[in-house]
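I have placed the structure first, in the form of structure tokens, so that the comments after it can refer back to it.
In this chain, residues are counted from 1 in sequence order.
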Amino acid sequence: LGHAGYILDMKMAKEVEEIDLVVGGHSHSFLHTGRLNEDMIENVEGEFPTYVKQESGKVVPVVQVYKYSKYLGVLQLNFDSTGDLLLPVNGAGVATAEVVTIDKKYEKDPWIESQLDRYREKLADYYTTVGCSNVLLENIRNAESNIGNLVTDALVRNSRWNDTRISFQNTGGIRSSIDPE
């Protein structure tokens, strides 16, 4: 389980002999095999799972399913008595591999909701609407964006130092766009 990105996930799968499976993140790569559902609009960056062959011949599956908990990767793995994935890995070792969209057709788990309610109550003050926008404030990664301009302008105008004239914001610190209301 890691957070290095799809390219490094594949490199680890190829080079680290002890690894049987890589479940990755960071690059938010959408991996998918087969026909896409109508709600799957992301660019497919590779197969789900991506099978990486090591020099020894061992095959290591690599999986990752985008971001925002939009999808769930479903895997059924089968291991032999020595702890290795059954062969062939694609079929016996990885018996099930699919990507499903997490949407409203899946009921919320009451126990998890009860656990979250405790935190929702503690965070209630932060749910207050403080403003609205007439335009889409779009988060564009690795480029200037209107939401980035808004954040940096707010940092300059609300700085505790009166002579602040410039501000920087990492695009990774802006977690989403804001729709107009």
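- When all heavy atoms of V52 and M10 are compared, the closest pair comes out as CG1-O, 3.7 Å.
- Taking each heavy atom of A13 and V22 in turn, the nearest pair found is CB-CG2, 4.0 Å.
- In this structure, the side chains of Y106 and V100 come closer than 4.5 Å at one or more pairs of heavy atoms.
- For the pair R120 and E113, the salt-bridge criterion is met [side-chain N within less than 4.0 Å of a carboxylate O].
- P49 approaches V63 most closely through the heavy-atom pair CB-CG1, 3.5 Å.
- In this structure, the side chain of D84 does not engage the main chain of D80 through any donor-acceptor pair within 3.5 Å.
- Neither side chain, N146 nor E138, offers a donor N or O lying under 3.5 Å from an acceptor on the other.
- Looking only at distances, a side-chain donor or acceptor of S177 sits under 3.5 Å from a matching main-chain atom of N139.
- Remark: side-chain polar atoms of E42 are not paired, donor with acceptor, to backbone N or O of Y66 under 3.5 angstrom.
- Using a cutoff of 4.0 Å between basic side-chain nitrogens and carboxylate oxygens, K14 and E55 are not scored as salt-bridged.
- With a 4.5 Å cut-off on side-chain heavy atoms, L137 and V135 count as touching.
- V89 approaches P61 most closely through the heavy-atom pair CG1-CG, 4.0 Å.
- At least one donor-acceptor pair under 3.5 Å links the side chain of T152 to the backbone N or O of G148.
- Between F168 and L155, the closest side-chain pair of non-hydrogen atoms is not below 4.5 Å.
- Remark: Q115 CD is packed, more than 12 non-hydrogen atoms of other residues, nucleotides or ligands lying under 6.0 Å away.
- Under a 3.5 Å cut-off, the side chain of K58 and the backbone N or O of E17 do form a donor-acceptor pair.
- Around the OH atom of Y127, the shell of radius 6.0 Å holds more than 12 heavy atoms that belong to other residues, nucleotides or ligands.
- Residues L72 and V99 fail the side-chain proximity criterion, which asks for heavy atoms closer than 4.5 Å.
- Atom NZ of K53 has 12 or fewer heavy atoms from other residues, nucleotides or ligands within 6.0 Å.
- Side-chain atoms of T164 do not come within 3.5 Å of backbone N or O of V156 as any donor-acceptor pair.
- Taking the ring centroids of F48 and F30, they lie at or beyond the 6.0 Å cut-off.
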Working note: I178 + I147, criterion side chain to side chain contact (heavy atoms under 4.5 Å, CB included); need CA distance, chi angles, decisive distance, verdict. CA-CA 8 Å; I178 298 176; I147 195 169; 4.0 Å; yes

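- From S145, atom OG reaches atom CD1 of I174 across 5.0 Å, with rounding to the nearest 0.5 Å.
- A distance of 14.0 Å separates CD in E98 from OH in Y71, rounded to the nearest 0.5 Å.
- V151 and W161 are assigned to two separate hydrophobic clusters, defined by single-linkage of ILVMFWY side chains at heavy-atom distances under 4.5 Å.
- Here NZ of K67 is found 11.5 Å from NE2 of H26. Values are rounded to the nearest 0.5 Å.
- Y6 and T50 form a side-chain donor-acceptor contact under 3.5 Å, judged by distance and modelled atom types alone.
- With salt bridges taken as basic N to acidic carboxylate O contacts below 4.0 Å, none links K70 and D39.
- Annotation: side chain of L75 is not in contact with side chain of T96 (no heavy-atom distance under 4.5 Å).
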Show the numbers, then the answer: is there a side chain to side chain contact (heavy atoms under 4.5 Å, CB included) between L77 and L85? CA-CA 7 Å; L77 306 176; L85 283 170; 4.0 Å; yes

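- Side-chain contact, D103 with T101: no donor N or O sits under 3.5 Å from an acceptor N or O.
- In this structure, the side chains of Q64 and V23 stay at 4.5 Å or more apart for every pair of heavy atoms.
- Across every non-hydrogen atom of E45 and L31, the tightest pair is C-CD2, 4.1 Å.
- Here the CG atom belonging to N158 is positioned 13.5 Å from the CZ atom belonging to R160, to the nearest 0.5 angstrom.
- For the pair E181 and D179, the minimum side-chain heavy-atom distance is 4.5 Å or more.
- Expressed to the nearest 0.5 Å, how far NE2 of H3 lies from CG of D9 amounts to 10.0 Å.
- Once rounded to the nearest 0.5 Å, the distance linking CG of L21 with CG of L1 reads 9.5 Å.
- N134 places no side-chain N or O within 3.5 Å of a backbone atom of P180 that could act as its donor or acceptor partner.
- Annotation for A4 and M12: closest pair CB-CE, 4.2 Å, computed over non-hydrogen atoms.
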